[in-house]
*Asks:* 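Shown below is the structure under consideration.
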Number of protein chains: 2
Amino acid sequence: MESEGQSRAETSRSSERRPRVRRNVTAAIAQDICADRYPSGSPLPRENDLCELYGVSRTVIRESLKVLESKGLVRGKPRVGTTVCDRDEWNILDAEVLDWMGPYIKDFDLLGCILEARRTIEPAAAEYAAERASAQEIADLDRAWRQMRDSAGEPESFTDADVMFHTVLLTASHNQVFRRLSSAIHAALKYALHASNIAVENREDAVLVHGELVEALRMRDKTGARECANRMLDLAVRDLAAAEKVIGRTK
Amino acid sequence: MESEGQSRAETSRSSERRPRVRRNVTAAIAQDICADRYPSGSPLPRENDLCELYGVSRTVIRESLKVLESKGLVRGKPRVGTTVCDRDEWNILDAEVLDWMGPYIKDFDLLGCILEARRTIEPAAAEYAAERASAQEIADLDRAWRQMRDSAGEPESFTDADVMFHTVLLTASHNQVFRRLSSAIHAALKYALHASNIAVENREDAVLVHGELVEALRMRDKTGARECANRMLDLAVRDLAAAEKVIGRTK
DNA sequence: AGGTAGTGAGTTTGGTGATCTTCATCGCGG
DNA sequence: CCGCGATGAAGATCACCAAACTCACTACCT
């Protein structure tokens with residue numbers, strides 16, 4: 001009955017200790033939802049059943065359901081039960097939701113949408129960043145770029161640096177809405193490119209363009225920055241196409 | 001409705017049986033945070049104190065805090081307490097968060113950011129909508145436009161129709177990321193324009209441009225749609241400038 | 001006699017409060 | 001000066017009550 005084994009690798013990174021346990025039943029339920037174990041649009045088990053299923057008390061289940069509800073994954077109706085919401089009601093710009101979707105993200109047609117959004121937003125963000133970025137932010141970008149450049153053999157480190165780069169770029173646009181979208185880009189980069197390890201072939205070009213973007217920002221060159229961002233995204237399109245080919249083959 | 005007088009935790013012991021408490025308590029705490037009663041960056045009262053302050057049991061408080069935490073407003077550390085997060089960690093693209101911020105939204109520099117984001121995103125969304133909108137969606141847009149046109153004297157109805165128009169437009173772009181941003185636009189329109197009733201002077205022009213956009217979508221005219229969206233946003237910029245003047249004067 | 005509407009039992013979520021556990025913090029003593 | 005325990009606050013569970021929705025059963029009206 002200990003269905004506890006359904007959890008993934010738990011992001012063992014930097015987990016100082018593990019004294020604290022199953023407070024994140026929330027993630028387990030969410031991942032089960034994403035995995036379509038609870039089909040979208042139809043009811044979840046009763047709270048008491050969920051207690052047994054996940055081996056925790058009803059209080060914990062209820063807290064988890066509240067969180068899930070607050071993110072639009074489920075809708076709890078007073079005394080009828082909790083039903084899984086349709087996917088387009090989910091708060092897919094929430095970092096946690098993206099994280100829960102994780103590997104299932106490709107079943108959601110999200111990667112294309114995110115890339116499309118990036119093509120729209122990142123050039124504009126780069127332009128704003130060109131006139132608003134602080135010296136600190138440019139330095140951070142430079143550092144991320146160096147890490148990309150220097151992480152020759154390690155796709156892990158490369159992707160981390162890439163994510164960091166784009167996050168800082170959006171932050172440097174000093175637009176709170178853009179900034180919030182970094183979680184989506186994070187997820188896209190992490191689960192599309194990193195998972196398929198495709199980016200290697202474009203790595204050289206990517207490093208080049210990222211570097212040019214930093215330089216443009218340093219020069220406060222708005223049109224140059226926008227131009228670089230566009231070229232960056234051309235590469236991303238290529239990456240995604242390659243990744244999708246791999247995914248299609250794997251499936 | 002919400003004029004229940006929740007300015008403070010008036011409802012200590014004196015209130016008798018109260019159903020549907022949790023949602024209200026969550027909103028109350030969130031609004032108290034937005035109102036800077038709990039200053040950003042510093043600790044909230046202890047859970048037991050919050051029970052008394054809001055007149056509910058600890059379970060409810062904990063569920064509320066979990067929801068708030070899941071939206072990035074607070075961060076609860078294991079045995080030290082719950083602290084209010086910095087504002088740029090808040091999930092400002094969440095509809096509920098926007099709603100809680102409500103009137104305080106202008107203390108946030110959010111309106112400008114949202115408008116900036118709209119200037120970036122809506123033209124692109126219009127372009128995508130031009131090639132992807134379903135007949136139903138175009139019909140919905142048309143209906144919203146008619147409501148805008150016909151709501152002569154009522155700013156209420158006009159704003160509702162305007163919000164609906166832009167929501168449907170983003171939906172019609174068939175991009176899940178764009179679609180999610182409608183809550184932000186909703187909040188911006190509701191709390192900036194509607195609150196200040198400024199839009200009246202631009203109403204004629206706005207109706208015109210919205211109508212042209214519908215026509216462009218019907219013709220699947222991508223560049224035309226983008227052009228209309230841009231002109232629409234020029235008007236929005238004017239509206240915001242006017243609204244900010246009013247706000248500044250009021251303050 | 002048949003169908004509908006009202007009622008009542010049962011079920012399920014919402015909310016309360018007590019209790020136990022687990023550690024982070026802090027102060028006391030070695 | 002360091003560690004060791006007391007304290008206190010959050011994490012978690014349990015038992016219970018309240019309210020509202022479901023469903024079925026019955027009784028009444030046509």
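Because only heavy atoms are used, hydrogens play no part in the values below, and waters and symmetry mates are left out as well, while side chains stay in. A, B, ... follow the sequence lines: proteins, then strands. Residue 1 opens every chain. A quick note: this is a predicted structure, and the numbers were derived from the prediction, not measured.
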*Asks:* For A:Y54 and A:D49, which I'm curious about, is there any donor-acceptor pair between the side chains at under 3.5 Å?
*Replies:* no
*Asks:* Out of D:dA10, D:dC21, C:dG15, which has the shortest distance to the side chain of B:R46?
*Replies:* D:dA10
*Asks:* Can you measure B:D49 atom CG to D:dG8 atom C1' for me and round it to whole angstrom units?
*Replies:* 12 Å
*Asks:* Return the nearest nucleotide to the side chain of A:T59; candidates are D:dT13, C:dT19, C:dT13.
*Replies:* D:dT13
*Asks:* Is there a side-chain polar atom (N or O) of B:R58 under 4.0 Å from OP1 or OP2 of C:dG17?
*Replies:* no
*Asks:* Counting C-beta onward and ignoring hydrogens, is there a side-chain heavy-atom pair between B:L44 and B:L65 closer than 4.5 Å?
*Replies:* yes
*Asks:* Assuming nearest nucleotide by heavy-atom distance, tell me which of A:K77 and B:V60 is located more 5' along DNA chain C.
*Replies:* A:K77
*Asks:* Could you pick out which residue, A:S57 or A:V80, lies toward the 5' side of DNA chain D when each is mapped onto its nearest nucleotide?
*Replies:* A:S57
*Asks:* Between A:E137 and A:R143, is there a salt bridge with N-O shorter than 4.0 Å?
*Replies:* no
*Asks:* In whole Å, I'd like the distance from the CZ atom of B:R79 to the P atom of C:dA24.
*Replies:* 7 Å
*Asks:* Can a salt bridge be assigned to the pair A:E63 and B:R62 using a cut-off of 4.0 Å between side-chain N and carboxylate O?
*Replies:* yes
*Asks:* Please report the distance, rounded to the nearest Å, between CG in A:L44 and P in C:dT12.
*Replies:* 14 Å
*Asks:* Side chain of B:E47 only, please: which of C:dT13, C:dG14, D:dA10 is the nearest?
*Replies:* D:dA10
*Asks:* Calculate the interatomic distance between A:L50 atom CG and D:dT13 atom P; express it in whole Å.
*Replies:* 14 Å
*Asks:* Tell me the interatomic distance from B:R62, atom CZ, to C:dT19, atom C1', rounded to whole angstroms.
*Replies:* 14 Å
*Asks:* In whole angstroms, how far is the P atom of D:dT13 from the CD atom of A:E52?
*Replies:* 13 Å
*Asks:* Rounded to whole Å, please give me the gap between CG in A:L65 and P in C:dG14.
*Replies:* 8 Å
*Asks:* Using OP1 and OP2 only, check whether a side-chain N or O of A:K66 sits under 4.0 Å from C:dG14.
*Replies:* yes
*Asks:* Are a donor atom and an acceptor atom from the side chains of A:S182 and A:T167 found within less than 3.5 Å of each other?
*Replies:* no
*Asks:* Could you state the atom-to-atom distance from CD1 of A:I61 to C1' of C:dG15 in whole Å?
*Replies:* 18 Å
